[in-house]
Each structure stands twice: as C-alpha cells, then as structure tokens.
Participant: 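Attaching a single structure in structure tokens format; questions to follow.
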Amino acid sequence: MVQTTISPCDVLIIGAGVMGMLSALELAEAGQDVVILDKGQAGLEASWAGGGIISPLYPWRYSPPITALATWSQNAFPDLIAELRDSTGIDPERLANGMLVTATNEREQALAWGAGVSRAVIEITDDEAQALEPQVVLDETPLWMPRVSSVRTPRMGQALRQMCLNHPQIQLCEHYEAQVSGSLSSPVVSSHGQRVVANRMVLTTGAWTGDLLSGLNFRCPIKPMKGQMLLFSPCRLVNRVVLANGRYAIPRADGRIVFGSTLEDVGFQRTPDRDAFESLYASALAMIPMLKDVDLEAQWAGFRPGSPEGMPWIGAMSEKLWVNSGHFRNGVVLSPASSRLLCDLMLDRTPIVDPLPYQPRNTL
Ligand SMILES: Cc1cc2nc3c(=O)[nH]c(=O)nc-3n(C[C@H](O)[C@H](O)[C@H](O)COP(=O)(O)OP(=O)(O)OC[C@H]3O[C@@H](n4cnc5c(N)ncnc54)[C@H](O)[C@@H]3O)c2cc1C
C-alpha cells in the first residue's frame, strides 16, 4: 500500500461503510473538507454483507424514532439510488416490488401500524399471494407491503465509494486503521504513525464503535451481532422480498436470491459455519421448494452494529467527537436519514427529525 499524507480537515470520519460514506458526502456537499479513514476497503463490512431490504423487517415492532428515520429514508431512496447510478455508472439495482410478510400473532399490530399510511400494509387472500409469488410456499396468508424495496448492497457500497473518490472535498484513505486515544473532549486520532488533524471527528465504525470508545474510557453498548446469509444462483424463483418466520428471500435483478439470516451474539467471529448453513438452507427450501435444484454460490457472515432496541447513536459526544452508529439490523434503510440528521446537527441546521432519542448516552 502506498501511504499518503492525511490532510488536515474540517471533519475526520472514521469508518467507510454506508454510514460513513453518506455522512461524508452530506458534509462535503455542505462545504466541509472531509477525510475518511477505513481499516480496509470502503463498504466491505456490514454494508456489503447486508441484505438491503429498505424497511425494518417487522417495522411495527420498532419505536417511533426508528420509524421516523426509516420513513424519511424510504422517501429519499429512489433519488439517492438514481444519483449514485447516474454519477458513477454503478447501479445499486433498486427493486421496488414490495414485500410479503407472514405476521402470525402480530397481524392486528401490523395493520394498526400501517393504518395511517397509504398502502403500507394490506391484507390479501391466499390466491393473491400465490399470484404474486407462485413458487413460494407459506404456512399462513401473508400481509402485503407494496411500498418496500431492496437494493444490492455491494453495489450501493461500490457506488458510494466511487462518489467519495470523485468528490473534490473528500479524501478517502483505505487500509488506514485509526487508533483513538485521549479523552472525549480531546480525542487524538492516529493511523500508520500519522496524527490526524481535524476540527471534529465522527465515529461511523459500525460494530467496532464500542471498541473505539472504550479507548476513551466510555462504555457504549454497540457490539457485533453476527449474521449469516446464503446466495443462490440466478433462478428467478421470487420477484419480491418474502419474509416468513424470521427468514427472508431477497431477489436480485439478475435472478439470484439472497437468503438470510442468522442473528448471533458471538463477538467478531467471522467464519460462516455448517449449523447456520443447514438451518438457512432448510428454511430456504421450506419457503421456495424449487431452490433444491438451484446451485448455492456463497455463504458469508457480517457484523451488524448491535444496539439496545436497534436505536442508533447519532449526535455529539463532545464538541470534538461525534457518532453515527449502532443501526443494528436497519443500517442500510436508515442510512440516508441518519447521515442527514448528523449533518444537520453538526452544521447547526434545523434537524429533519427530533434528535433527542438518538443522543449518545454513557452507559457506565
Ligand atoms: C447479514 C446481514 C443482513 C442485513 N440486512 C439488512 C437489510 O436488509 N436492511 C438494512 O437496512 N440493514 C441490514 N443489515 C444491517 C446493515 O448492513 C448495517 O446496519 C449497516 O451496514 C451498518 O453500516 P455502518 O456503516 O454503520 O457499518 P459498516 O458497514 O460495518 O462500516 C463500518 C466501517 O468501519 C470500519 N472501521 C472499524 N473500525 C475502524 C478503525 N479502527 N479504523 C478505521 N476504520 C474502521 C470498518 O472497516 C467498516 O468499513 C444487515 C446486516 C447483516 C450483517
């Protein structure tokens, strides 16, 4: 790796997942000089591993502050994806075909949650469900959420990376692991022996955020929650996201199917394993029996930034140190709103939503 000199900047962002890259682009568009450091290549951790459903899985289970961010983001996604595609030539393949979801004991709750929003959650018959997804077998009549979309996460990451590389006010430094020391009010960041000079710093380090903050004697509950996924070869057996019994199938534009996921509290243990494979494979075949004749291309694991109730931390920890992390299972869908909110707060603009619920808290 060729080492470059890291320029002094207005804002240093540590971590180049969707949260770091979108935050950088928001801040740079507002005139800030931004440096992003990532310990690896940008966009290759949770933001690569994630399924890319542009909705919380069972949105009625989440608190209003999460719904507020999700709703803002869902409205922003069509333009964001079009801009990424048109500016970089990399298409994140947004599919706006909706989601079928079995809600078992939560049907009333789901319908009540969707009541105020046109076409958020709709009751359909078995025949209608069958017509939407002829190859899918469900053990109950699903609900229909026609407004849900999905994106191909690795491509969204590549397009964001290219946008950052192209932006004259962003310096993206890959393979630059940041070490953080000092205190919350006076944090010191260095990488490859260079001290990084910045007016303010933002942690967008996903599942690693708790580790970085522990270096500043601050205990934060954000921790890795491993998720494993399977990828099936192009087969065009589903047209839209299908969620049943906690497991989901996500179609890609080329006919591949991503099937997920596990939820494991095992620290940074990255290896995909046999137990997860067997459990996911059995769920996939139960949902889409014809997958038994389809080749499996890959199994992988990623680290969600787990947080209590999935509530992200977005805001200031001191004048110098800011954070935008802890989005748990919903980091892709929440990324546009979270990054805009962070930028609003850093630049003293009117925030898009009430920032109080996301204010970082010391859990010591
Ligand atoms: C299996 C799975 C399925 C998922 N499905 C969905 C879904 O369908 N929809 C949805 O909305 N969300 C989903 N998610 C969640 C979503 O992927 C994450 O919440 C989101 O990607 C988090 O983004 P991030 O930028 O905060 O973290 P990351 O993408 O993990 O980025 C953090 C970055 O920080 C860097 N970093 C860490 N420490 C340092 C350091 N010391 N110095 C420099 N760099 C550092 C890392 O290298 C990494 O690139 C899923 C996640 C998984 C794992």
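Counting begins at 1 with the first residue of the sequence. Whatever order the structure lists ligands and atoms in, that order sets their numbers, starting from 1. Only a predicted model underlies this, so the values are computations on that prediction, with no experimental measurement involved.
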Participant: Counting non-hydrogen protein atoms only, what is the nearest one to atom 17 (O) of ligand 1? Give residue, atom name and distance.
Facilitator: Ala46 O, 3.1 Å
Participant: Counting heavy atoms only, which part of Leu44 comes closer than 4.0 Å to ligand 1: side chain, backbone, both or neither?
Facilitator: neither
Participant: Please determine if Ala207 has a nitrogen or oxygen closer than 3.5 Å to a nitrogen or oxygen of ligand 1.
Facilitator: no
Participant: Would you say Arg329 has any N or O atom under 3.5 Å from an N or O of ligand 1, going by distance alone?
Facilitator: yes
Participant: One residue to check: Pro305. Relative to ligand 1, which of side chain, backbone, both or neither has a non-hydrogen atom less than 4.0 Å away?
Facilitator: side chain
Participant: Do the two ring centres, one from Phe259 and one from Tyr248, sit under 6.0 Å apart?
Facilitator: no
Participant: The test is side chain to side chain contact (heavy atoms under 4.5 Å, CB included); show your working for Val332 and Thr153 and say whether it passes.
Facilitator: CA-CA 8 Å; Val332 180; Thr153 38; 3.9 Å; yes
Participant: Can you tell which part of Phe328 has a heavy atom less than 4.0 Å from ligand 1: side chain, backbone, both or neither?
Facilitator: backbone
Participant: Geometry only, no angles: is Lys39 polar-contacting ligand 1 at N/O separations under 3.5 Å?
Facilitator: yes
Participant: Would you verify whether the NZ or CZ of Lys39 falls within 45 degrees of the ring axis of Trp208 while also being under 6.0 Å from that six-membered ring's centre?
Facilitator: yes
Participant: Do the non-hydrogen side-chain atoms of Met156 and Val18 ever get within less than 4.5 Å of each other?
Facilitator: yes
Participant: Name the option, out of Thr204, Leu263, Val333, Leu22, that contains the heavy atom nearest to atom 32 (C) of ligand 1.
Facilitator: Thr204
Participant: What's the shortest distance from atom 27 (O) of ligand 1 to any protein heavy atom, and which residue and atom give it?
Facilitator: Gly206 CA, 3.7 Å
Participant: Here's a test for you: under salt bridge (Lys or Arg N to Asp or Glu O under 4.0 Å), which of Arg256, Arg252, Arg152 qualifies with Glu93?
Facilitator: Arg152
Participant: Checking a contact table here: which protein heavy atom is nearest atom 41 (N) of ligand 1, and how many Å away?
Facilitator: Ala178 O, 3.1 Å
Participant: Is Gly52 near ligand 1, meaning one of its heavy atoms is under 4.0 Å from it?
Facilitator: yes
Participant: Is there a heavy atom of Trp300 sitting under 4.0 angstrom from any atom of ligand 1?
Facilitator: no
Participant: Quick one: does Thr102's side chain have a donor or acceptor within less than 3.5 Å of a partner on Glu140's backbone?
Facilitator: no
Participant: So, regarding Ile250 and ligand 1 (criterion: nitrogen or oxygen to nitrogen or oxygen, under 3.5 Å), is there a contact or not?
Facilitator: no
Participant: Where is the nearest protein heavy atom to atom 47 (O) of ligand 1: which residue, which atom, and how far?
Facilitator: Asp38 OD1, 2.7 Å
Participant: Select the closest option to atom 1 (C) of ligand 1 among Met229, Met156, Met21, judged by heavy-atom distance.
Facilitator: Met229
Participant: Measure the shortest side-chain to side-chain distance between Val323 and Val202 over non-hydrogen atoms and say whether it is less than 4.5 angstrom.
Facilitator: no
Participant: Give the single entry among Ser47, Pro224, Gly50 that approaches atom 50 (C) of ligand 1 most closely by any heavy atom.
Facilitator: Gly50
